[in-house]
Every structure is written in C-alpha cells, then in structure tokens.
Amino acid sequence: MSAILALLLLLTAASGTAVVLIREPRRQVFAIGLNGLVLTVLFTALQAPDVALSELAVGTAAVPLLFVVALSAVRTASPSQSADPGDHTKSPEDA
C-alpha cells in the first residue's frame, strides 16, 4: 500500500469521525460535504472513476444541499411565529 493511499484512508477515517462528533447541524452539513470530497479523492486514487463521480455528485453536492434546505425549512418556522397572539383569524372550531 502506498503512502498516498494510507494518508487518504486516515483522512477518510478522520472526516467520518468528524461527521459523527460534530453536534451543530450546520457544521455537520459541511463535514458531510468534506467527507464526500475525501471519499471522491480516495476512489479516484483507487482507480474507480465511475464511483468517484457518483460520490462527487451525491455525497459532496446533493446530500449536503438537501440537508441545508431541510435545516433552513425547519429554522424558518419559529415557535413565536406560530403562536401569534395578534392573529384574529377564525379557526374551524369557531364557525
């Protein structure tokens, strides 16, 4: 095993561990993207370009993007907005 492969395997282990240990969701999304990038480089070094391109598209771009969209959708609805005391619209039970 060459030194480059050993280094890439260590980077893969470190980036995977970072994804698990990071507790803040936005930073975890960046760690997931970084992990996908490290895996892409590892697959390229292992001479698997088709797997590397798939990992680049899915693991580095699509999955982190979906997580960012989901996080922004969850964070836009704050509890203070949903329980607005000034809201005077009729509920179906009032009719």
Side-chain angles (χ1 to χ4, degrees):
M1 178 169 29
S2 69
I4 294 174
L5 282 180
L7 178 66
L8 287 173
L9 288 171
L10 286 173
L11 280 173
T12 303
S15 66
T17 304
V19 170
V20 173
L21 293 179
I22 293 174
R23 305 308 298 167
E24 205 275 316
R26 289 185 189 206
R27 289 185 182 183
Q28 198 171 30
V29 169
F30 289 116
I32 289 172
L34 179 68
N35 187 32
L37 190 62
V38 170
L39 285 171
T40 300
V41 174
L42 176 66
F43 292 144
T44 303
L46 291 172
Q47 297 178 356
D50 51 343
V51 179
L53 285 174
S54 298
E55 181 63 32
L56 183 65
V58 175
T60 306
V63 170
L65 180 64
L66 287 173
F67 280 132
V68 166
V69 169
L71 283 174
S72 64
V74 168
R75 302 237 174 167
T76 55
S78 66
S80 63
Q81 289 177 349
S82 62
D84 187 15
D87 189 14
H88 298 293
T89 59
K90 286 188 174 182
S91 66
E93 296 151 355
D94 294 336

K.L.:
Who pairs with L66 by side chain to side chain contact (heavy atoms under 4.5 Å, CB included), at least two apart in sequence or on another chain?
P.N.:
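Counting only residues at least two positions away or on another chain, L66 forms no side chain to side chain contact (heavy atoms under 4.5 Å, CB included).
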K.L.:
Test: side chain to side chain donor-acceptor pair (under 3.5 Å). Region: residues 19-30. Which pairs qualify, not counting sequence neighbours?
P.N.:
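Residue pairs passing side chain to side chain donor-acceptor pair (under 3.5 Å), neighbours aside: none found.
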K.L.:
Following the transitive rule for hydrophobic clusters with a side-chain heavy-atom cut-off under 4.5 Å over Ile, Leu, Val, Met, Phe, Trp and Tyr, establish whether L65 and F30 coincide in one cluster.
P.N.:
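No, L65 and F30 fall in different hydrophobic clusters.
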K.L.:
Report yes or no: do V41 and F43 belong to one cluster of Ile/Leu/Val/Met/Phe/Trp/Tyr joined by side chain heavy-atom distances under 4.5 Å?
P.N.:
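Linked within one cluster.
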K.L.:
Under 4.5 Å between side-chain heavy atoms, hopping through other hydrophobics if needed: is there a path connecting F67 to V19?
P.N.:
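Per the 4.5 Å side-chain linkage, F67 and V19 are co-clustered.
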K.L.:
In terms of heavy-atom contacts, does CD1 of I4 have more than 12 from other residues, nucleotides or ligands at under 6.0 Å?
P.N.:
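It does not: I4 CD1 has 12 such atoms or fewer within range.
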K.L.:
Pairs under 3.5 angstrom only: tabulate donor-acceptor contacts from the side chains of residues 47-61 to other protein residues two or more places apart or in another chain.
P.N.:
residue : atom : partner : partner atom : Å
S54     : OG   : D50     : O            : 3.1
T60     : OG1  : G36     : O            : 3.4
T60     : OG1  : L37     : N            : 3.2

K.L.:
Quick one: closest heavy-atom pair of I32 and P64, and the distance?
P.N.:
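Closest heavy-atom pair between I32 and P64: CG2-CG, 4.2 Å.
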K.L.:
Starting from I22, walk the hydrophobic network (Ile, Leu, Val, Met, Phe, Trp, Tyr; side-chain heavy atoms closer than 4.5 Å) and list everyone else you reach, by chain and number.
P.N.:
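Besides I22, the hydrophobic cluster comprises nothing; the residue is isolated.
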K.L.:
Without placing hydrogens or testing angles, list every side-chain donor-acceptor pair under 3.5 Å for residues 10-18, not counting sequence neighbours.
P.N.:
residue : atom : partner : partner atom : Å
T12     : OG1  : L8      : O            : 2.8
S15     : OG   : L11     : O            : 3.1
S15     : OG   : T12     : O            : 3.1
S15     : OG   : N35     : OD1          : 2.7
T17     : OG1  : A13     : O            : 2.7

